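Here is the structure we will look at.
Throughout, residue positions are numbered sequentially from 1 according to the sequence presented. Source: prediction; values computed, not measured.
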Amino acid sequence: MNVLQNLMELYNQLPADSTYRVVAKGILENLSAAAEGTIYDVAELTDSSRTTVWRMVQKMGYKNYSDFRYALKAAVSQYTYYNRVLSGSLDIDGIMAECGVQLKAAWKLVEKNFSREQAIGLAQRIHSRKKIRFYFYARYYSIYSFQQNLAMDGKDTAYYLLLPEMLSDAKSLGEDSIVFINSIEFSETMDLSPVFEILRRQKCHIVLANCGKSRYEGQADEILFRAADFSDAMGIASNTVFETFFVMVSEIYRRLYLNG
């Protein structure tokens with residue numbers, strides 16, 4: 001998980017009066033100062049207590065404040081690397097042109113990677129399970145749409161972005177569960193190995209949904225995308241393929257199990 005995405009998740013999902021939301025907001029509005037400061041500096045910066053800052057850091061899944069500060073400092077110092085969707089230093093015309101190129105590339109990847117049989121088979125496997133989980137590093141519209149269809153079919157479904165939530169939820173799953181995991185693989189991001197270990201111990205069916213090579217490939221029962229095909233795909237192409245795939249599976253699921 002990317003520390004900036006974790007902070008945005010807390011800020012967007014917590015109620016306005018949450019003390020953790022206040023801390024997250026303060027850090028996001030003062031990233032450079034927070035990245036260079038101690039826990040006492042951040043407490044002062046966000047007008048909160050050291051204990052509140054520490055509890056928020058724990059809520060995000062960090063074992064100590066030093067790990068959080070290291071991740072934040074790395075993200076701030078390499079911001080264009082973390083939040084880059086297009087490659088290179090493009091002017092406005094170049095940005096627009098590159099978006100068109102990436103959209104065309106996305107459709108070629110869809111045609112190459114996804115067959116009718118693959119999508120139907122996955123829908124059938126999902127239908128055969130009671131609990132459907134999505135452990136991702138970001139929010140995707142296609143997953144929300146898919147969850148609505150799953151709920152209409154009586155499935156127990158949930159979507160988690162924070163590591164502690166994944167670890168807690170994984171312990172409640174079993175052989176009747178299928179878990180989709182889409183991880184982010186920068187060196188500074190959190191290690192998801194404990195999540196995979198719990199899921200395997202619980203005998204869950206694990207589906208790795210990364211658009212690219214992943215260090216967790218050996219832990220998955222099923223891999224959706226062939227990494228080699230996405231080696232040159234930038235953010236727009238890979239994200240569009242990802243969204244398109246789950247829209248297709250969701251609509252096929254609706255057709256098979258909801259429309260009669």
Does atom [atom1] ([X]) have a neighbourhood of more than 12 heavy atoms from anything else shown, all under 6.0 Å?
| X | atom1 | answer |
| --- | --- | --- |
| R21 | CZ | yes |
| K59 | NZ | no |
| E243 | CD | yes |

First locate atom OG of S250, then atom CG of L150, and finally report the distance between them rounded to the nearest 0.5 Å.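 These two atoms lie 7.0 Å from each other.
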
Is there a donor-acceptor contact under 3.5 Å from the side chain of [X] to the main chain of [Y]?
| X | Y | value |
| --- | --- | --- |
| R69 | N64 | no |
| T157 | A151 | no |
| D41 | T38 | yes |
| D153 | K155 | no |
| N149 | R254 | no |
| E217 | S214 | yes |
| D156 | K130 | no |

Could you please spell out the steps behind the side chain to side chain contact (heavy atoms under 4.5 Å, CB included) verdict for Q102 and T240? CA-CA 9 Å; Q102 289 296 319; T240 300; over 6 Å; no

Test side chain to side chain contact (heavy atoms under 4.5 Å, CB included) on Y216 and N210; report intermediate values, then the result. CA-CA 10 Å; Y216 305 115; N210 281 25; 5.6 Å; no

Hydrogens and angles aside, do [X] and [Y] bring a side-chain donor and acceptor to less than 3.5 Å of each other?
| X | Y | result |
| --- | --- | --- |
| E9 | Q5 | no |
| Y144 | R139 | yes |
| Y135 | D169 | yes |

Would you say [Y] ends up clustered with [X] if hydrophobic residues are merged whenever their side chains have heavy atoms under 4.5 Å apart, either directly or through other cluster members?
| X | Y | answer |
| --- | --- | --- |
| V42 | V76 | yes |
| L45 | L10 | no |
| Y253 | V247 | no |
| M8 | V22 | no |

Verify side chain to side chain contact (heavy atoms under 4.5 Å, CB included) between L122 and R125, making sure each step is shown before the conclusion. CA-CA 5 Å; L122 182 59; R125 288 191 291 282; 3.9 Å; yes

Counting C-beta onward and ignoring hydrogens, is there a side-chain heavy-atom pair between [X] and [Y] closer than 4.5 Å?
| X | Y | answer |
| --- | --- | --- |
| N6 | L161 | no |
| V207 | V179 | no |
| V23 | V57 | no |
| F114 | F225 | yes |

Please name the residue in the list Y141, Y137, F180, F136 that meets the ring-ring contact (aromatic ring centres under 6.0 Å, His included) test with Y159.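 Only one of Y141, Y137, F180, F136 forms a ring-ring contact (aromatic ring centres under 6.0 Å, His included) with Y159, namely F136.
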
Closest approach of M166 and L192, non-hydrogen atoms and distance?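 Taking M166 first and L192 second, the nearest heavy atoms are SD-CD2, 4.3 Å.
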
Looking at every heavy atom in both V241 and A106, which two are closest together, and how far apart are they?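 Smallest interatomic distance, heavy atoms only, reads CG2-O, 3.4 Å.
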
Exactly one of T46, T52, D47 should register a side chain to side chain donor-acceptor pair (under 3.5 Å) with S49. Which one does?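 Only one of T46, T52, D47 forms a side chain to side chain donor-acceptor pair (under 3.5 Å) with S49, namely T52.
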
Let's go through L72 and I27 carefully: what are the C-alpha distance in whole Å and the side-chain angles of both, what is the deciding distance for side chain to side chain contact (heavy atoms under 4.5 Å, CB included) to 0.1 Å, and is it a yes or a no? CA-CA 10 Å; L72 186 63; I27 293 174; 4.0 Å; yes

Please report whether the ring centroid of Y140 lies less than 6.0 Å from that of F242.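 Between F242 and Y140, the centre distance is under 6.0 Å.
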
